[in-house]
Number of protein chains: 2
Amino acid sequence: MLNADITTLSRVEHGLPETRILICDDHEIVRQGVREQLNEVEGWSVVGEAGDGVEAIGRAKQLKPDLIILDAAMPYARGIEVYAEVKRWLPDVKVAVLTGFTSPQLLASWVDAGVEGLFLKSTNAAELRQGLEAILAGARFISVEAAKILENATQRQPLTAREREVLSMITKGNTNPEIAERLHISVKTVEKHRGSLMAKLDVRSVSGLMIYAMREGLLDEFRQL
Amino acid sequence: MLNADITTLSRVEHGLPETRILICDDHEIVRQGVREQLNEVEGWSVVGEAGDGVEAIGRAKQLKPDLIILDAAMPYARGIEVYAEVKRWLPDVKVAVLTGFTSPQLLASWVDAGVEGLFLKSTNAAELRQGLEAILAGARFISVEAAKILENATQRQPLTAREREVLSMITKGNTNPEIAERLHISVKTVEKHRGSLMAKLDVRSVSGLMIYAMREGLLDEFRQL
DNA sequence: AACAAAATGGGGTAACGGACCCATTCGGGT
DNA sequence: ACCCGAATGGGTCCGTTACCCCATTTTGTT
């Protein structure tokens, strides 16, 4: 549901230019909370909001903000796709990710992608403002809680495309013979992929695979803020 | 992390009494967003905030609000426990649940518990205000999206305590022999519980059980907003 | 062209789980 | 005292999975 409403403030006609900020999150409550926290800082101006990934890209191109606060999980375009696209069009824009996910692997992938900031939604106002100031000054800022979680991120072998495919079908409850039939490969091959999946992720059961998939946001129907 | 900060406004000394509102959510951004949306309504006053379940109960007793906006998942006390406790001490207080979970079963359990309002965090400001007005006027209000999800809630046979226990151990990756050993029952009994679990939940695999457990918030390590 | 990783697939064994049948005991409610 | 649901447990058969061994082919990179 798109409820974003653009509020364009007039440019500062004298003195230093304002810092222009775009807030992208699919929940209006969160956008409003972030907006409120930022409004208290002199010189910062929330120039727009977006409620989904496609709108985020459009607004970024249109408004050319200095800083984008980006939810990691929005409808219509995954956060990482939004990030790549806005960086393509606006290479100098600073992007701070604000996410409710606490998965080490997911947070690590944002860091690897090169975002300038990474916050959890549990971040308090002071830390958010302080972090954004550092980012605008050119630093990279990872919040304390995000940093703790990242410490626990184990360095894993990446999954191959076929392994991801098999994992996806396992999470949907399919048996090895069923997966074999649908992928037009033999049961033995599915067993082989399944075995290497479990070895790479260091799990020994379907529930372990499910927990991994859940944390990595690979399950479609589990929507959340 | 407790970051709640009490902001006690003075009572209105003339005219109609204000509606006193307490906001309970473990994320400061959400509390601030909700506060902002409510501040726009004349006659409403946010008298306090709480960042976890225990604090929520304490503040409710202390401040005696007319209305509590309650996150379903906070640290230290489950939302349903907070709800029961504040109703025990303040039977006339109105409680509106604001949750990020979209599980039909979970939403249904809130309705069954008797809450006066049920909103998802995707609710927009207008719907939240309209709903709270209706609640304060004595109605029960379920948001449009929550109502849609509730339509899909299937009427299920409740799980027995033993079934829940077995489910919990399955979600942690245990095999039937392992569960039997830990619960000091036979493998046959575990098989029997497992079979009835799967029949009641209409699933045929561990992944189906995991999805159910996930939706019902039975998995500990999957924290979210 | 050479190389390495990925993907593919077979044989065999042991363990696990599903599903059906059978059964008794316990505890709570009437 | 009676009844019913929950919990308990056994036998049997069959399908599935994990894991070890073996192997060839394909694909992408250098």
Side-chain angles (χ1 to χ4, degrees), chain A residues 84 105 108-109 112-113 154-216 218-219, chain B residues 105 108-109 112 154-216 218-219:
Chain A
Q105 246 58 50
S109 70
D112 293 343
T154 54
Q155 205 63 19
R156 277 207 182 93
Q157 288 180 299
L159 302 184
T160 68
R162 204 55 148 171
E163 284 168 348
R164 288 184 176 278
E165 208 168 1
V166 168
L167 174 60
S168 173
M169 299 184 79
I170 292 170
T171 63
K172 292 179 175 68
N174 292 293
T175 64
N176 288 354
E178 287 168 348
I179 295 171
E181 186 177 2
R182 292 187 190 184
L183 296 182
H184 302 102
I185 59 181
S186 83
V187 171
K188 282 292 177 183
T189 303
V190 177
E191 288 173 14
K192 173 64 66 72
H193 291 312
R194 188 169 180 143
S196 63
L197 256 178
M198 294 174 70
K200 283 181 177 177
L201 304 181
D202 197 22
V203 302
R204 62 186 186 107
S205 62
V206 169
S207 61
L209 289 179
M210 290 296 287
I211 289 171
Y212 169 85
M214 191 170 69
R215 282 176 165 173
E216 294 302 301
L218 301 180
L219 301 180
Chain B
Q105 246 58 50
S109 71
D112 292 343
T154 54
Q155 207 63 17
R156 277 206 180 97
Q157 286 181 300
L159 302 183
T160 67
R162 203 56 148 171
E163 286 167 348
R164 288 182 175 279
E165 206 168 2
V166 167
L167 174 60
S168 172
M169 299 186 79
I170 292 170
T171 64
K172 291 180 176 66
N174 291 292
T175 64
N176 289 354
E178 286 167 347
I179 296 170
E181 186 177 0
R182 293 188 189 184
L183 296 183
H184 302 102
I185 58 179
S186 83
V187 171
K188 280 296 179 186
T189 303
V190 176
E191 287 170 10
K192 174 63 68 70
H193 291 312
R194 188 170 178 142
S196 64
L197 256 178
M198 294 173 68
K200 283 182 178 178
L201 303 181
D202 197 23
V203 301
R204 63 184 186 106
S205 63
V206 169
S207 63
L209 289 178
M210 289 296 286
I211 289 170
Y212 168 84
M214 192 170 68
R215 282 177 166 172
E216 293 301 302
L218 301 180
L219 299 181

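Reminder, nothing fancy here: chain letters follow the sequence lines and each chain counts from 1.
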>> Give me each pair satisfying salt bridge (Lys or Arg N to Asp or Glu O under 4.0 Å) with a member in residues 179-189 of chain B, each pair once, sequence neighbours excluded.
In response: B:Lys188-B:Glu191

> Under 4.5 Å between any side-chain heavy atoms of A:Arg194 and A:Val206, yes or no?
Replying inline: yes

> So, the side chain of A:Asn174 versus the backbone of A:Ile179: is there a donor-acceptor pair under 3.5 Å, distance only?
Replying inline: no

>> With a cut-off of less than 4.0 Å, is there a side-chain N or O of A:Arg204 near OP1 or OP2 of D:dC19?
In response: no

>> At 4.0 Å (heavy atoms only), tell me whether A:Arg194 reaches a base, stays on the sugar-phosphate, or touches nothing.
In response: sugar-phosphate

> B:Lys192 NZ to D:dG9 P: how many Å, rounded?
Replying inline: 11 Å

> Closest approach of A:Pro177 and A:Val187, non-hydrogen atoms and distance?
Replying inline: CA-CG2, 3.9 Å

> Can you find a side-chain donor-acceptor pair between A:Lys200 and A:Ser196 that sits under 3.5 Å?
Replying inline: no

> Would you say B:His193 and B:Thr189 make side-chain contact, with heavy atoms under 4.5 Å?
Replying inline: yes

> To the nearest Å, how far apart are A:His193 NE2 and D:dA18 P?
Replying inline: 14 Å

>> What's the angle between the local helix axes at either end of the helix from C:dA1-D:dT30 to C:dT30-D:dA1, using five pairs per end and rounding to 10 degrees?
In response: 60°

>> Between P on C:dG17 and CE on B:Met169, what's the gap in Å once rounded to a whole number?
In response: 12 Å

> Does the pair A:Arg204/B:Glu178 count as a salt bridge with the N-to-O cut at 4.0 Å?
Replying inline: yes

> Got a sec? Which of residues 177-188 of chain B come in under 4.0 Å of DNA chain C, heavy atoms?
Replying inline: B:Pro177, B:Lys188

> Which heavy atom of B:Leu197 sits nearest a heavy atom of B:Glu163, and at what distance?
Replying inline: CD1-O, 3.7 Å

> Between A:Asn174 (CG) and D:dG15 (P), how many Å, whole number?
Replying inline: 19 Å

> Whole-Å distance between D:dC19 P and A:Asn176 CG?
Replying inline: 12 Å

>> Here's a test of your reading of the structure: between B:Thr160 and A:Thr175, which maps to the more 5' nucleotide of DNA chain D?
In response: B:Thr160

> How close do A:Ile211 and B:Thr171 get, heavy atom to heavy atom, and via which atoms?
Replying inline: CD1-O, 3.8 Å

> What's the CD-P distance between B:Glu163 and D:dT8, to the nearest Å?
Replying inline: 11 Å

>> OP1 or OP2 of D:dA7 versus the side-chain N and O atoms of B:Thr189: is any pair under 4.0 Å?
In response: no

> Over how many whole Å does the gap from A:Leu197 atom CG to C:dA7 atom P extend?
Replying inline: 10 Å

> What is the distance, rounded to the nearest whole Å, between atom CD of A:Glu191 and atom P of C:dA6?
Replying inline: 20 Å

